[in-house]
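Report on the structure given below.
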Amino acid sequence: MADEARTTQCCIAGGGPAGMMLGLLLARAGVDVTVLEKHPDFLRDFRGDTIHPSTLELMHELGWLEELLALPHQKSPKLRFQNGSHDVVVADFSHLPTHARYIAFMPQWDLLDFLARKASAYPGFHLRRRAEVTDVLREKGCVTGVRAKTPEGVLEVRASLVVAADGRTSAVRQRAGFEVEALGAPMDVLWFRVARKATDPVDPMGRFEQGQIFILINRGDEWQCGRVIAKGSFDALREAGLSCFREDVARVAPFLADRTHEIRGWDDVKLLTVRVDRLRTWYQPGLLCIGDAAHAMSPVGGVGINLAVQDAVAAANLLAGPLLARHVTPRDLRRVQERREWPTRLTQRAQVLIQNRVLSPALRRPAPSRRLPLPLWLVQHAPVLRRIPARLVGMGLRPEHIRTPVAGASP
Ligand SMILES: Cc1cc2nc3c(=O)[nH]c(=O)nc-3n(C[C@H](O)[C@H](O)[C@H](O)COP(=O)(O)OP(=O)(O)OC[C@H]3O[C@@H](n4cnc5c(N)ncnc54)[C@H](O)[C@@H]3O)c2cc1C
């Protein structure tokens with residue numbers, strides 16, 4: 001029995017990049033949308049701060065690029081990898097056919113706050129925080145809404161369409177019984193932070209060193225550090241002790257040696273269990289999955305946010321019309337999967353290849369290697385090749401464009 005019931009045209013479970021972008025675009029097109037987000041705010045742990053050129057281009061198409069870039073961020077026109085004594089630029093975004101030719105590093109909560117602020121200017125947009133979706137409602141084999149837990153009690157939302165954008169541990173996809181295809185991942189990532197000094201390098205970078213892979217992301221006054229480890233090896237690292245862990249950090253990034261004491265305990269080190277998976281079918285009558293809920297991405301290339309946003313744009317382009325006509329069919333939902341499935345599959349295939357051919361061997365190699373892995377050697381000696389990873393990471397396959405109409409007042 002529900003304590004509260006409401007009806008909307010589209011109910012979106014999850015206010016991450018996919019859910020907020022879809023909610024914004026549908027509300028802008030005149031659709032009544034309710035986004036249910038389980039957290040009270042967007043101020044959560046690090047989940048990636050990258051805004052890719054393709055997402056920045058969408059902001060340009062919406063006329064909001066300058067306003068977004070007025071928020072604090074760092075621009076990275078290049079991505080670098082250091083391997084032993086080699087310093088290699090692996091991606092150069094400066095040739096992309098976009099208005100912003102760089103990755104903008106901005107805290108994800110700032111991006112989500114920005115999208116929420118823009119969306120709230122449209123009368124059809126409703127964001128309900130502290131509402132955790134726990135189940136889907138069905139009638140005659142069709143999903144007709146969701147049930148959510150709120151501080152005030154049980155909320156039931158009925159909708160012509162439910163969209164699962166509740167991330168890689170999606171409760172909706174689990175409750176709806178979707179079949180998940182797992183692709184496997186040989187590694188996990190440990191995330192932690194240390195202070196950043198003005199004299200430190202500026203660019204984000206990856207470092208391969210003696211069986212270790214580190215990622216360093218400039219977040220202004222701190223470094224967001226990721227250490228890639230062989231899957232399941234976190235317990236062994238903990239047993240070896242925190243001082244060993246700190247020494248590893250200092251060896252791989254010597255300029256951080258005076259700050260490793262800031263890692264005070266294992267509570268400061270967060271384990272991201274990497275998983276790469278996808279749904280065989282992204283939809284059921286009345287229900288569509290997008291973003292990580294449809295396909296959890298590997299951290300390779302840092303493209304998860306980008307793909308989630310691209311799914312949202314494609315879904316809005318294809319579904320705004322049927323939603324406004326109050327008639328969304330499984331065929332409409334299938335068109336979203338058909339549009340986004342092959343870019344997702346090819347991206348995951350490339351990620352799995354890099355995981356297995358580059359990262360896994362590098363993690364097993366305890367001694368420093370004087371030779372660069374072939375892909376790094378190629379981009380070092382033929383700089384024009386840096387445009388290929390730049391295109392794949394910065395724009396992705398099949399970049400989407402805003403095609404939804406605008407209804408109501410523009411913010
Ligand atoms: C540590 C870490 C680092 C990452 N680094 C990067 C990076 O550098 N670049 C990059 O592109 N990607 C990165 N990613 C991946 C990226 O965060 C995801 O691919 C992206 O956020 C997916 O967007 P999404 O909207 O599909 O899902 P999510 O961002 O996971 O959003 C899901 C939302 O749903 C909410 N939610 C969950 N369950 C429920 C429920 N039952 N009811 C209501 N709400 C719910 C969550 O609170 C969340 O707000 C990283 C991920 C992690 C964990």
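Counting starts at 1 for both ligands and their atoms, in listed order. When reading the values below, keep in mind they use all heavy atoms of this one structure, side chains included, and skip hydrogens, waters and symmetry mates.
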Task: Criterion salt bridge (Lys or Arg N to Asp or Glu O under 4.0 Å) on K149 and D3, from CA distance to verdict - done: CA-CA 10 Å; K149 200 169 65 183; D3 300 293; over 6 Å; no

Testing the 3.5 Å rule here: is there a donor-acceptor pair between the side chains of [X] and [Y]?
X	Y	answer
D248	Q212	yes
D32	H126	yes
T50	N306	no
R138	Q284	yes

Open item on the list: Contact between Q348 and R278 at the side-chain level, heavy atoms closer than 4.5 Å - yes or no?
Closed with: yes

Task: Under 4.0 Å from ligand 1 - residues by heavy atom, chain and number - done: G14, G15, G16, P17, A18, L36, E37, K38, H39, R44, F46, R47, G48, T50, Q108, A131, E132, V133, A165, D166, G167, A171, W191, L272, G291, D292, G302, V303, G304, I305, A308

